[in-house]
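Report on the structure given below.
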Amino acid sequence: MRDFLRKTSRVGLVLYALGLGAGLGLVSADWATRGRYPFGGVTVGPWTAWPRAGAANADPYARAVNARRGEIPLAVGEGLLLSATTDDEGRALEAGCSYSIAGHTPPARAWTLTVTGRGAAEPGRPALRGGFTSTEILRERDGRFVIALAPGARPGNWLPAPGTSGPIRLALRLYDTPVAAGTGSLDRETLPAITRLGCGA
């Protein structure tokens, strides 16, 4: 009987260790791939560039994030991805707030600016614009543009928030751009400013 209990306790400890290891592995993998790429980012103001996200030798975490999002990243020779989850003051971007995204972009043949939420789409919410391209944006005479990111409609370049609450993320994709070869040429003046205008109704 004593031998049986000893063997049973050993089996229980092994099963416990395996279960604990599997649980910790799943939790850590979920944490590492839930948000943005964990490594290789170059930060300029609120924007972070990911020059190696689409490289053939991208790290396993970047590949896992791409697989989880269902996205096909830009290859090194195709362009550059920049993302922002905060405004110029370092405050998290919230769907219930209004923002001004204004300025220029680095030189590129074309670019897109999209906004996404971090969750499932709200049921019953109509499909609205999810972004702008460089060919359809309204510009000032000096080439600057101003995009209003807000829950409610705005005149000019209005980009609807993807929901009524919760964190949001901006993605700026530059296609056929010389800065893809070296992010050292990126500076604060070449990227759009993100200014919070207010929150709530």
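- Between Thr177 and Ala108, the shortest heavy-atom distance links the atoms CB-CB, 3.8 Å.
- Interatomic distance, CG of Asn157 versus CG of Leu113, reported as 10.5 Å (0.5 Å rounding).
- A pairwise comparison of heavy atoms in Arg169 and Ser83 identifies NH1-CB, 4.1 Å as the closest pair.
- To the nearest 0.5 Å, atom OG1 of residue Thr112 and atom CD1 of residue Ile137 are 11.0 Å apart.
- Of the residues listed (Thr86, Leu149, Leu170), the one engaging Ile194 in a side-chain contact (heavy atoms from CB on, under 4.5 Å) is Leu170, and it is the only one.
- By the 4.5 Å heavy-atom criterion applied to side chains, Thr85 and Pro167 are not counted as neighbours.
- The ring-ring contact (aromatic ring centres under 6.0 Å, His included) contacts involving residues 140-173 comprise Trp111-Phe145, where partners must be two or more places apart or lie in separate chains.
- Legend: residues meeting side chain to side chain donor-acceptor pair (under 3.5 Å) with Thr114, ordered by chain and number and at least two apart, are Arg173.
- Residues meeting the side chain to side chain donor-acceptor pair (under 3.5 Å) test with Asp87, sequence neighbours left out: Arg91.
- Between Pro151 and Ser98, the shortest heavy-atom distance links the atoms CD-OG, 3.9 Å.
- In terms of heavy-atom proximity, Thr105 sits nearest to Pro192 at CG2-CG, 4.4 Å.
- Remark: Phe132 CZ to Leu172 CG distance equals 13.5 Å, nearest 0.5 Å.
- Here Ser134 pairs with nothing under the side chain to side chain donor-acceptor pair (under 3.5 Å) rule; sequence neighbours left out.
- Residue pairs meeting the salt bridge (Lys or Arg N to Asp or Glu O under 4.0 Å) criterion with at least one member in residues 141-167, sequence neighbours excluded, do not occur.
- Scanning all heavy atoms of the two residues, the minimum distance from Ala193 to Asp88 falls at CB-OD2, 3.5 Å.
- In the hydrophobic clustering of ILVMFWY residues, with side-chain heavy atoms under 4.5 Å counting as a link, Leu80 and Val44 come out together.
- Evaluation of the salt bridge (charged side-chain N to carboxylate O under 4.0 Å, His left out) rule for Glu136 yields Arg129 as partners, not counting sequence neighbours.
- The stretch residues 99-114 participates, sequence neighbours left out, in these salt bridge (Lys or Arg N to Asp or Glu O under 4.0 Å) pairs: Arg109-Asp176.
- Among residues at least two apart or in separate chains, there is no disulfide bond (SG atoms under 2.5 Å apart) pair with a member in residues 139-172.
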